[in-house]
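Shown next, in structure tokens, is the structure this report addresses.
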Amino acid sequence: MAMQPWFTDAKLGIFIHWGIYAVDGVQESWSFYDDIVPHDRYMSQLERFTGAKYDPKAWADLFARAGAKYAVLTSRHHDGVALWDTEYGNLNLGKDYLGPYAEALREKDLKVGFYYSHSDWNHPDYASTRKPGRPPEQEDNRYSEVAAEDEDLDAWERFIAYRDGQIRELASRYRPDLMWFDGEWDRSEEQWRIPELAALIRSYVPDVVFNARMLSEGDYATPEQGAPIVPPDGPWELCLTINDSWGYQHHDHNHKSLAQLIRYFTETIGGGGNLLLDVGPMEDGTIPQPQVERLEGLGEWIRKHADAVYGTVRGLPAGHHYGPSTLSADRRTLYLTLFDIPRADIGVRGLATKVRKVSVVGTGTELGHRVVGGLHDAVGVLWIDPPAQADLDPYATVLAVELEGELELYRGSGRF
């Protein structure tokens, strides 16, 4: 199926890791899986979770102010605890948190996404098999697998039925625009029955978008935390935490600065991707203030530079401009991002299309420009006068280079 155009033009999404792990502020699921927190202590958070200040309309309003076009909420992490009143399994919070979330997002014209883990380390039938080809001598984790001689394929069938039941509930009740899967490494595509799972969801939501952790059915690449040096081909998304943690952890105050987040954002959209920026609400449902402040700051920058964000495609390849760039959909306006205060003229190499006008996005100030040099096919360098101090953005200044035709680039080596 063709990629949904809303996704490639979204540019910013909000990831929300919210679950019982926020009560004690421990790592989601992995803390008991890796025996960092005793299992009974981890699961005791289920009885202590309140969601007392959960306000999905406030979430949606914040996400819209941040400039996001979609959000992805953890409907069920690897710990198996569901955020809706599922009829399958016995781990849920006793109420439906997903319905109000989906309704609030749609009121703000935001697309609705759900995270769902293929894995469920608490389900009694989950640790009933192992991934084919896994070395017998490799240590087993009791929450995810059994030794080859102890496999129980009937139990695995029960797990798949449970999984399909939950997925049917999510797809039929909430009609999500995006399903963000995780935990795929634990089993093979055949064991997960990925084509059948995709068909089940599409029977309710034909235009649903899947991330790459739906394996052969995935629609876009999903690099995590590490920004790619060479952007993936096709649609993609960088999922990134604001601090060092996905879910709320009391001790984690290592928040990225707004300047760093704007750099991540501009570099990601310049490479043709979306930034999926994560927040970790506290157990009562409130988003920590440092994360709120960063989302609001990012939204202010995006609003000022909206022309260089929405309705654009990936910009120049490396080597043409020292910074990220985007290109208007009609390929007639190039947007150049400057992180530092220019100390001299700004050079753009290999621009074969003639330039009609250069201006500063947000202020409209026009800048002088000229082309110097060039021989035969090897074009000269476009030199742009540096903006005045009053035109510089405190985080990242953007220049609009309006072209006389569609962008054409020289990518050769010059005359030998």
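Only heavy atoms go into these numbers, but all of them, side chains included; no hydrogens, no water, no symmetry mates.
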Can you tell whether the side chains of [X] and [Y] come within less than 4.0 Å, N to carboxylate O?
| X | Y | answer |
| --- | --- | --- |
| Asp377 | Arg411 | no |
| Glu217 | Arg202 | yes |
| Lys131 | Asp186 | no |

Are [X] and [Y] linked by a side-chain donor-acceptor pair shorter than 3.5 Å?
| X | Y | value |
| --- | --- | --- |
| Asp244 | Asn254 | yes |
| Gln225 | Thr241 | yes |
| Tyr42 | Asp24 | no |
| Ser216 | Glu189 | yes |
| Ser117 | Asp182 | no |
| Glu404 | Thr353 | no |

Please report the interatomic distance [atom1]([X]) to [atom2]([Y]), rounded to the nearest 0.5 Å.
| X | Y | atom1 | atom2 | value |
| --- | --- | --- | --- | --- |
| Leu407 | Ser328 | CG | OG | 9.0 Å |
| Asp278 | Leu240 | CG | CG | 8.5 Å |
| Asp40 | Phe32 | CG | CZ | 12.0 Å |
| His255 | Gln289 | NE2 | CD | 10.5 Å |
| Glu224 | Cys239 | CD | SG | 4.5 Å |
| Asn211 | Phe7 | CG | CZ | 8.5 Å |

So, [X] versus [Y], ring centres under 6.0 angstrom or not?
| X | Y | answer |
| --- | --- | --- |
| Tyr248 | Trp18 | no |
| Trp192 | Trp156 | yes |
| His78 | Tyr143 | no |
| Trp301 | Tyr395 | no |

Whether [X] engages the ring of [Y] as a cation-pi pair (distance to the six-membered ring centre under 6.0 angstrom, angle to the ring normal within 45°) should be assessed.
| X | Y | result |
| --- | --- | --- |
| Arg158 | Tyr126 | no |
| Arg76 | Tyr116 | yes |
| Lys69 | Tyr310 | yes |

Do [X] side-chain atoms and [Y] backbone N/O form a donor-acceptor pair below 3.5 Å?
| X | Y | value |
| --- | --- | --- |
| Thr326 | Ala308 | yes |
| His321 | Ala318 | no |
| Trp30 | Ile36 | no |
| Thr266 | Pro324 | no |

Are [X] and [Y] close enough that some pair of their side-chain heavy atoms sits under 4.5 Å apart?
| X | Y | value |
| --- | --- | --- |
| Leu327 | Thr333 | no |
| Leu338 | Ile346 | yes |
| Arg168 | Leu200 | yes |
| Phe339 | Thr397 | no |
| Val361 | Tyr335 | yes |
| Leu392 | Ile341 | yes |
| Asp85 | Arg173 | yes |
| Val112 | Arg175 | no |

If you look only at pairs with a residue in residues 97-112, which of them pass as a side chain to side chain donor-acceptor pair (under 3.5 Å), with sequence neighbours excluded?
-> Asp61-Lys108
Flag yes if more than 12 heavy atoms outside Glu408 fall under 6.0 Å of its CD atom; otherwise flag no.
-> no
Taking atom OH of Tyr204 as the centre, does the number of heavy atoms from other residues, nucleotides or ligands within less than 6.0 Å exceed 12?
-> yes
Nearest heavy-atom contact between Gly280 and Pro288 is O-CD, 3.4 Å
For the residue pair Ala68 and Leu110, what are the closest heavy atoms and their distance?
-> O-CD2, 3.1 Å
Please name all residues satisfying side chain to side chain contact (heavy atoms under 4.5 Å, CB included) with Thr286, sequence neighbours left out, ordered by chain then number.
-> Lys53, Met282, Asp284
Only one of Tyr70, Tyr220, Trp180 forms a side chain to side chain contact (heavy atoms under 4.5 Å, CB included) with Val209, so which one is it?
-> Tyr220
Please step through ring pair (Phe, Tyr, Trp, His ring centres under 6.0 Å) for the pair Tyr115 and His17, ending with a clear verdict.
-> CA-CA 9 Å; Tyr115 167 113; His17 276 70; 5.7 Å; yes
Going through the distances and angles, do Trp246 and Phe15 end up as a ring pair (Phe, Tyr, Trp, His ring centres under 6.0 Å)?
-> CA-CA 9 Å; Trp246 294 107; Phe15 215 174; 5.8 Å; yes
Worked verdict on Thr86 versus Asn92 for side chain to side chain donor-acceptor pair (under 3.5 Å) = CA-CA 7 Å; Thr86 179; Asn92 65 74; over 6 Å; no
Looking at Arg356, Lys354, Arg332, Arg331, which one forms a salt bridge (charged side-chain N to carboxylate O under 4.0 Å, His left out) with Glu402?
-> Arg356
